Amino acid sequence: MKGLGAKLSALREERHWSKTYVAKQLKMNLPTYANYEYGNREPDLETTSKLAELFGVSVDFLLGRPAKEKTASDEPLTENQKLVAYSIDPDISDEERQDIIELVKIAMKNRRRI
């Protein structure tokens with residue numbers, strides 16, 4: 001897996017940008033940015049965020065973290081799922097309602113496997 005410096009270098013080269021161009025975009029001096037690519041320095045969180053924005057990638061990508069997988073709770077609820085949750089008890093908390101919805105989604109997923 002590539003380190004941060006190698007990723008920065010590859011992203012910059014894909015765009016045919018110079019180190020000078022990137023440094024100017026980030027409002028920093030060239031040696032500071034160059035040291036990020038060479039692996040001699042690590043950017044702080046704010047700079048890492050600016051780098052991710054400039055290159056159109058996530059901070060997680062720059063840091064080598066795996067992409068987050070979507071879970072069932074990331075998807076919007078269908079009308080039927082909402083009705084099931086509200087019909088059980090309209091006075092339950094949002095957290096309890098979400099737990100019920102997750103159980104319904106699991107049951108639906110298991111039903112499709114059979």
Side-chain angles (χ1 to χ4, degrees):
M1 183 175 288
K2 291 183 184 179
L4 176 62
K7 285 182 182 175
L8 292 174
S9 181
L11 289 166
R12 180 181 55 76
E13 289 172 2
E14 285 172 11
R15 289 156 179 77
H16 305 288
W17 293 346
S18 67
K19 289 183 185 100
T20 302
Y21 174 80
V22 174
K24 284 182 181 179
Q25 296 303 305
L26 298 170
K27 296 177 176 52
M28 67 176 54
N29 63 39
L30 175 60
T32 300
Y33 176 73
N35 279 319
Y36 296 153
E37 281 197 16
Y38 300 144
N40 297 332
R41 292 186 63 175
E42 293 287 323
D44 60 20
L45 183 57
E46 182 180 348
T47 304
T48 303
S49 180
K50 288 178 183 178
L51 286 162
E53 186 175 336
L54 178 65
F55 287 116
V57 297
S58 69
V59 170
D60 285 340
F61 172 80
L62 288 179
L63 299 178
R65 295 179 184 152
K68 179 183 171 194
E69 292 183 24
K70 280 194 161 191
T71 62
S73 62
D74 293 335
E75 298 172 14
L77 301 178
T78 66
E79 287 303 311
N80 284 342
Q81 291 166 334
K82 290 178 187 176
L83 286 172
V84 168
Y86 293 123
S87 68
I88 292 173
D89 184 353
D91 296 326
I92 61 176
S93 71
D94 288 341
E95 185 177 314
E96 292 169 319
R97 189 171 289 119
Q98 188 60 39
D99 289 343
I100 291 167
I101 291 165
E102 287 300 315
L103 289 171
V104 170
K105 287 179 180 180
I106 291 168
M108 289 172 60
K109 186 187 248 183
N110 288 335
R111 185 182 69 200
R112 289 183 193 131
R113 289 185 194 162
I114 297 174

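Positions are given from 1, in the same order as the sequence printed here. Since the model is a prediction, treat every value here as computed from it, not as a measurement.
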Engineer: Look at the aromatic rings of W17 and Y21 and report parallel, tilted or perpendicular, splitting at 30° and 60°.
Structural biologist: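 The rings of W17 and Y21 sit tilted, inter-plane angle from 30° to 60°.
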Engineer: As an exercise, state the distance from CD of E14 to OG of S9, rounded to the nearest 0.5 Å.
Structural biologist: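 Here the interatomic distance stands at 10.0 Å.
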Engineer: Check whether K19 reaches the backbone of L30 with its side chain - one donor and one acceptor, N or O, closer than 3.5 Å.
Structural biologist: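 Answer holds: no.
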Engineer: Does one side chain, of N29 or T32, offer a donor that lies under 3.5 Å from an acceptor on the other?
Structural biologist: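 Looking only at side-chain atoms, T32 and N29 do form a donor-acceptor pair, the distance falling under 3.5 Å.
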Engineer: So, do M28 and T47 sit near enough that their side-chain heavy atoms are less than 4.5 Å apart?
Structural biologist: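 Yes, close enough: below the 4.5 Å cut-off.
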Engineer: Can V57 be reached from Y33 by stepping across I, L, V, M, F, W or Y side chains whose heavy atoms are under 4.5 Å apart?
Structural biologist: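 Yes, Y33 connects to V57 through the hydrophobic network.
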Engineer: Roughly how far, to the nearest 0.5 Å, is the NZ atom of K27 from the NZ atom of K50?
Structural biologist: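 With rounding to 0.5 Å, NZ (K50) is 8.0 Å from NZ (K27).
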Engineer: Does R65 reach the main-chain N or O of F61 with its side chain, forming a donor-acceptor pair under 3.5 Å?
Structural biologist: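 Answer holds: no.
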Engineer: Side chains of R12 and F55, heavy atoms from C-beta outward: is any pair under 4.5 Å?
Structural biologist: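 The answer is yes; the side chains approach within 4.5 Å.
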Engineer: Between atom CD of E13 and atom CG of L8, what is the distance when rounded to the nearest 0.5 Å?
Structural biologist: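 Separation between the atoms: 11.0 Å.
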Engineer: Which heavy atom in S58 sits nearest to a heavy atom in A52, and how many Å separate them?
Structural biologist: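 So the minimum-distance heavy-atom pair works out to C-CB, 3.9 Å.
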Engineer: Between T48 (side chain) and D44 (backbone), is there a donor-acceptor pair under 3.5 Å?
Structural biologist: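 Yes; at least one donor-acceptor contact below 3.5 Å.
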Engineer: For L62 and L11, what are the C-alpha separation, side-chain angles and deciding distance, and is it a side chain to side chain contact (heavy atoms under 4.5 Å, CB included)?
Structural biologist: CA-CA 10 Å; L62 288 179; L11 289 166; 3.8 Å; yes
Engineer: Shortest non-hydrogen contact from Y36 to E42?
Structural biologist: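 So the minimum-distance heavy-atom pair works out to CE2-C, 3.8 Å.
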